[in-house]
Undergrad: 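Take this structure first; my questions come after.
Within every chain, numbering begins at 1; the chains are lettered A, B, ... in the order of the sequence lines, protein sequences first and strands thereafter.
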Number of protein chains: 2
Amino acid sequence: MGKKVTFKPYDITIEVEEGENLLRAALRAGVHINASCGGEGVCGKCRVILEEGKVECPETSLLSEDECSLGYRQACQCRVVSDIVVRIPPESLLDKKTITRRRTGVSLRPSPINVAALKEEGLYNPAFQKKFLKLPPATLSDNVCDLARLEQGLSRQFGLRNLTLDFLLTRKLAKAMRQEDFQVTATLDFAQRRSRNPRLVDIEAGDTTGRHYALAVDIGTTTVWVQLLDLAKGEIVGHAADYNGQLSYGDDVISRIMHSQKEGGLATLQKAVVNTINKVTRELLKRHRLPVEEISHLTLAANTTMTHLFYAIDPKNIRLSPYTPAACHVPPVRASHLGLELPKHVFIYSVSSVSSYVGGDIVAGVLASGIYKEPKLTLYIDIGTNGEIVVGNQEWLACAACSAGPAFEGGGIRYGMRAARGAVEDVSVNPETSEPMFMTIDQVKPKGICGSGLINLLAALLEGNILAPNGRFREDLNTPRIRESEDGREYVLAWADQTASGEDLTVSELDIVNLMRAKAAMFAGYLTLIDSVGLKLQDIDQVILAGGFGSFINLENAIAIGLMPDLPRERFQFVGNGSLWGATLLTLSRDLLEEERRVADMMTNFELSETPGFMDQYIAALFLPHTQEDYFPTVTERLRTE
Amino acid sequence: MGKKVTFKPYDITIEVEEGENLLRAALRAGVHINASCGGEGVCGKCRVILEEGKVECPETSLLSEDECSLGYRQACQCRVVSDIVVRIPPESLLDKKTITRRRTGVSLRPSPINVAALKEEGLYNPAFQKKFLKLPPATLSDNVCDLARLEQGLSRQFGLRNLTLDFLLTRKLAKAMRQEDFQVTATLDFAQRRSRNPRLVDIEAGDTTGRHYALAVDIGTTTVWVQLLDLAKGEIVGHAADYNGQLSYGDDVISRIMHSQKEGGLATLQKAVVNTINKVTRELLKRHRLPVEEISHLTLAANTTMTHLFYAIDPKNIRLSPYTPAACHVPPVRASHLGLELPKHVFIYSVSSVSSYVGGDIVAGVLASGIYKEPKLTLYIDIGTNGEIVVGNQEWLACAACSAGPAFEGGGIRYGMRAARGAVEDVSVNPETSEPMFMTIDQVKPKGICGSGLINLLAALLEGNILAPNGRFREDLNTPRIRESEDGREYVLAWADQTASGEDLTVSELDIVNLMRAKAAMFAGYLTLIDSVGLKLQDIDQVILAGGFGSFINLENAIAIGLMPDLPRERFQFVGNGSLWGATLLTLSRDLLEEERRVADMMTNFELSETPGFMDQYIAALFLPHTQEDYFPTVTERLRTE
């Protein structure tokens with residue numbers, strides 16, 4: 001149940017989740033309250049007066065008893081538990097201008113991906129199925145081998161013939177068949193791509209059709225996600241995640257590839273990610289009290305480099321021109337062969353990649369979002385450590401990787417960091433005073449700024465006219481927050497006494513150039529792909545944002561700095577972890593699984609650096625939001641009216 | 001070039017291979033010379049006079065210089081190197097009767113199985129083939145993954161599509177393709193049973209089509225054979241063999257199965273046979289100076305128990321009623337997975353079994369001999385540790401295992417032994433004196449009697465009227481060679497001072513009962529199978545003998561004791577190691593490989609103990625040669641005329 005929060009004197013009301021932090025609610029509503037400790041509650045600047053309703057908050061020494069009884073609260077310490085009305089005290093009142101500049105937090109439409117939808121569409125049909133068989137017991141007049149008896153049963157009871165067999169099964173058959181008087185459950189795989197024959201995967205004594213699980217795994221360069229699926233009930237049981245163990249060997253795919261070229265490097269990286277998957281899977285199974293033996297399948301999606309490293313396939317040529325992966329389609333392989341702690345009969349199916357920098361994670365996302373079967377023209381954007389884009393519809397799909405660099409994951413930015421504890425996330429800047437208001441993840445002293453924080457800060461500085469469209473800070477502002485540095489001018493987001501490190505937390509013009517390059521690469525990518533098929537940006541019917549990053553992004557701010565195209569906001573939707581969803585859906589739907597390679601083959605890869613026009617588009621995009629104002633009509637309009 | 005040997009005064013001439021031992025030539029010609037040291041040259045009894053031609057022989061103290069100059073030689077020490085005439089000295093002359101009773105050594109027609117015949121029949125078409133590809137080098141405008149480039153090449157150059165891929169290949173591709181500028185050789189497997197798609201097995205840099213080898217393996221309960229095949233030239237390179245390392249854990253399949261039920265027993269047996277294959281293969285490769293990397297395939301044939309043990313599939317139920325194997329068809333599995341020292345891309349294909357006691361070795365023999373595609377009615381007999389028989393033609397095949405027991409491999413016979421150094425092999429008995437003449441393998445002092453020796457001895461005793469048709473020794477013979485013992489009467493083949501052990505070497509009536517049971521089980525098996533389809537023994541157009549044993553058997557003697565049916569001798573032929581030949585031909589012919597499972601499925605298995613009439617036939621056959629004389633017309637005729 002959402003709760004309403006009304007901010008006086010502006011009479012701005014927004015709806016928030018029960019338990020939402022009040023300072024965050026203010027940030028989302030575009031209501032500025034000075035707050036410079038990141039939400040830790042130590043600066044005491046974010047005072048508000050609670051006029052109606054209830055909040056939960058701890059006692060604090062920064063407010064006197066009198067103040068408390070008058071309704072004063074520290075916004076960063078309050079959790080909203082009913083509809084409330086709060087007043088920003090007069091000392092913090094801002095002029096009208098600030099308020100009108102507020103950006104409504106565009107709430108992205110939730111993704112339509114779920115099991116119920118799959119069932120509705122008639123696509124719920126897992127490739128892995130269990131069949132219960134009552135076989136006639138062996139006698140002297142009918143003493144065919146156990147395998148033949150099983151095959152006969154599958155043929156007679158289910159019309160299944162010409163099965164492909166897993167060798168290891170021959171070792172389990174005799175015992176399993178005799179344990180419950182020739183009543184057995186066979187696990188079958190109907191997904192053998194490139195072959196019409198179902199594959200006999202496993203056999204168990206008795207009727208185990210009610211217990212049947214599978215895993216869907218997304219190996220991100222940074223994070224590994226594992227989703228546990230109940231194939232008997234057709235439900236998602238749960239998921240868990242952890243940092244990719246390869247992080248110790250480099251933050252991005254290039255540094256990982258370089259590490260793989262060292263003596264033993266490939267094996268080390270392979271083991272690292274396998275260990276992570278094992279650990280996350282163990283946790284997940286423990287949490288849901290499931291024995292690992294009941295898992296019969298694993299579907300995997302990852303970018304091309306992560307896929308190579310997981311399989312211990314040398315990724316060397318991904319990094320070297322002309323950027324050829326060894327294999328975009330990896331044949332099924334026994335999970336235990338790669339060191340995964342899963343039953344011997346579990347094979348790994350991985351989603352096909354398209355090219356060195358458009359991997360199975362993107363193909364999985366395309367499959368999950370269904371854009372390959374829709375008439376609408378869709379732009380699919382995944383911003384993670386790299387940026388990948390897909391444009392197209394049911395008839396064609398063009399894709400490219402943008403060498404955006406890791407700026408939006410904090411790379412190449414002096415105080416940039418991943419979205420972890422202490423990262424500045426929500427931020428606004430008072431255009432009159434240039435004073436910031438921000439919150440950190442877990443509300444502790446700020447350590448650095450994460451990607452969404454950088455976008456929000458950049459947008460705030462730009463719209464507050466503190467930063468010029470060319471990425472330079474204005475020289476005429478009378479504030480200690482802007483000062484000279486080795487990296488051009490810089491803006492001080494938090495003073496040393498308020499930060500975790502005890503240093504000033506700043507964003508310099510050099511940082512801003514790096515962010516502009518990254519967003520320019522993305523935007524030039526969209527335009528180039530769209531242009532290559534003779535269309536225009538306005539022809540895009542739908543924009544789908546994927547990736548962990550996408551879930552925290554403030555769309556309005558991302559458009560304001562020119563990272564996202566300035567299209568009607570209702571055309572945007574957020575798909576979450578498209579890669580994990582894709583892997584999940586492939587596990588739940590044989591029909592989708594069978595489309596997998598066709599969709600990958602349908603995606604035409606563009607090497608942007610080789611594509612005419614890209615460089616011009618890139619240069620033109622090195623401006624906030626863009627040198628061509630007509631690409632950003634609403635942003636231009638807003639900046640102009642201020 | 002054969003050499004002629006004429007024996008005077010009988011004027012019997014036979015043709016022998018150059019270098020043949022003269023005593024053996026006499027045995028084959030039915031010319032009796034007393035010789036009781038097994039050919040070691042120490043008894044000096046086998047004196048002959050060389051009248052014409054030349055022999056090679058060492059000097060001996062048992063002949064004086066005078067005797068030598070008169071032409072005396074020790075037959076057991078002579079090798080025939082030219083046409084010769086030898087005279088049996090008067091002191092050894094036998095009466096006419098003995099001579100007329102001699103049995104011409106039926107020389108079995110050589111098997112038609114060979115690569116040339118396969119090529120003539122248009123069946124030479126190995127499932128594993130190498131294809132040389134010149135691929136276009138990768139460029140920025142054509143940077144598909146290496147695997148896709150390879151697939152495109154195979155499609156464009158050879159029209160091959162929809163390949164099944166071996167996962168491990170993805171790890172080799174990138175390096176192999178760049179080593180010789182995108183010129184590579186792909187190894188393909190066109191044998192994927194149950195699927196139409198060729199399988200991509202391996203890739204190598206450059207053109208390696210000229211070097212391509214495979215192995216055919218026969219795992220016998222006693223001996224493991226490995227044949228090395230040159231798939232590039234279509235030639236058999238050579239073979240090697242060794243005792244099955246499992247022999248330490250039991251002589252026959254039943255004792256092996258029992259060992260497999262002990263803690264760790266199955267793994268021990270699996271390792272033992274794998275070690276043997278590894279050892280034999282190493283020797284073979286070393287002898288032919290071939291690197292193991294050039295082997296791309298292994299085809300295996302073995303009886304059902306040996307197959308289970310090789311794959312570490314529990315064979316428990318093979319031994320327990322109702323005698324169900326776990327799997328008669330084992331899916332292909334990576335050789336290295338089972339511990340074979342072969343390249344990672346080598347998979348094992350094994351010949352399907354029919355039942356617990358009619359295994360892949362028999363199916364391989366049926367395939368090798370081609371009886372499944374001939375209109376002639378054929379009886380296929382394999383006598384090894386067990387006896388298996390197949391009857392049929394292109395329309396139907398019936399098969400059965402005869403619980404013959406290991407008598408013909410020396411089991412259950414007091415001085416029985418395998419055909420190894422010191423085993424009595426060729427033997428005849430002087431019907432007048434009951435004195436024996438025999439030769440041992442490697443011509444050393446006798447240690448025991450092997451299967452073919454037992455058959456020859458039994459036939460000699462029977463035809464010399466020393467043994468009665470009911471298996472009892474005559475009581476009225478005045479010879480110290482026949483005497484009472486704990487096991488009934490017994491015949492002394494060699495006295496203690498002439499044997500390796502220093503004990504008398506004997507054959508007792510109990511031994512003879514065991515031999516009669518074994519041969520009765522075989523003969524009753526033929527009759528039962530033939531009868532079950534409403535045919536008679538005389539309808540058999542062709543008898544094929546298989547198995548190591550068959551190569552040493554004296555056909556006439558085997559018929560004389562009732563082990564083989566008394567059919568016109570020209571209907572018999574010897575196929576050698578049918579199992580090894582079958583595995584070889586399957587490696588050389590994709591067409592045969594594709595027939596393999598169909599032929600196994602075509603073979604109807606009879607459990608003889610459950611088949612009406614078998615026990616009566618068995619009882620009737622417990623006689624030498626048989627209670628019904630009309631089954632053995634020529635033997636009866638000969639015994640009658642003597």
Undergrad: Of the backbone (N, CA, C, O) and the side chain (C-beta and beyond), which part of B:Leu338 lies under 4.5 Å from a heavy atom of chain A, both, or neither?
TA: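 The answer is the side chain of B:Leu338.
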Undergrad: Would you sort out whether B:Ile348 and A:Phe167 count as a side chain to side chain contact (heavy atoms under 4.5 Å, CB included), showing the intermediate values?
TA: CA-CA 11 Å; B:Ile348 296 160; A:Phe167 161 72; over 6 Å; no
Undergrad: Please give me the minimum heavy-atom distance between A:Asn143 and B:Glu607, naming the atom from each residue.
TA: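 For A:Asn143 versus B:Glu607, the nearest heavy atoms are ND2-OE2, 3.1 Å.
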Undergrad: State, to 0.1 Å, how close B:Ala138 and A:Thr324 come at their nearest heavy-atom pair, and which atoms those are.
TA: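 It is CB-CG2, 3.7 Å.
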Undergrad: Go through the atoms of A:Val144 and report whether side chain, backbone, both or neither lie under 4.5 Å from a heavy atom of chain B.
TA: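 For A:Val144, backbone heavy atoms alone lie under 4.5 Å from chain B.
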Undergrad: Taking every non-hydrogen pair under 4.5 Å, which of A:Ile318, A:Asn317, A:Asp314 racks up the most with chain B?
TA: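 Option with the top pair count is A:Asn317.
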Undergrad: Looking at CG of A:Asn605 and SG of B:Cys145, how far apart are the two atoms once the value is rounded to the nearest 0.5 Å?
TA: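 Spacing of CG (A:Asn605) from SG (B:Cys145) equals 11.5 Å.
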Undergrad: Among B:Ala148, B:Ala312, B:Ser356, who wins on heavy-atom pairs under 4.5 Å with chain A?
TA: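 Most pairs with chain A among the choices: B:Ala312.
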Undergrad: Among A:Thr170, A:Leu168, A:Thr164, whose side-chain contact (heavy atoms from CB on, under 4.5 Å) with B:Pro331 holds?
TA: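 Of the listed residues A:Thr170, A:Leu168, A:Thr164, the side-chain contact (heavy atoms from CB on, under 4.5 Å) partner of B:Pro331 is A:Thr170.
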Undergrad: Name the member of B:Arg149, B:Arg178, B:Met177 that forms the most heavy-atom pairs with chain A at distances under 4.5 Å.
TA: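 Answer, by heavy-atom pair count under 4.5 Å with chain A: B:Arg178.
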Undergrad: Select, from B:Cys328, B:Ser353, B:Ala174, B:Ser609, the one with the greatest count of heavy-atom pairs under 4.5 Å involving chain A.
TA: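 When all of B:Cys328, B:Ser353, B:Ala174, B:Ser609 are compared, B:Cys328 has the most.
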Undergrad: Calculate, to the nearest 0.5 Å, the distance between atoms NE2 and CD belonging to A:His329 and B:Glu151 respectively.
TA: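 Separation between the atoms: 6.5 Å.
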Undergrad: Measure A:Leu140 against the heavy atoms of chain B and call it side chain, backbone, both or neither at under 4.5 Å.
TA: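 It is both, since atoms from each part get that close.
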Undergrad: Which atoms of A:His337 are under 4.5 Å from chain B, going by heavy atoms: the side chain, the backbone, both sets, or neither?
TA: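 Side chain of A:His337 only, per the 4.5 Å heavy-atom cut-off to chain B.
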Undergrad: Locate the shortest heavy-atom distance separating B:Pro322 from A:Thr139; write the atom from each residue and the value.
TA: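 Looking at all heavy atoms of both residues, the closest pair is CB-C, 3.3 Å.
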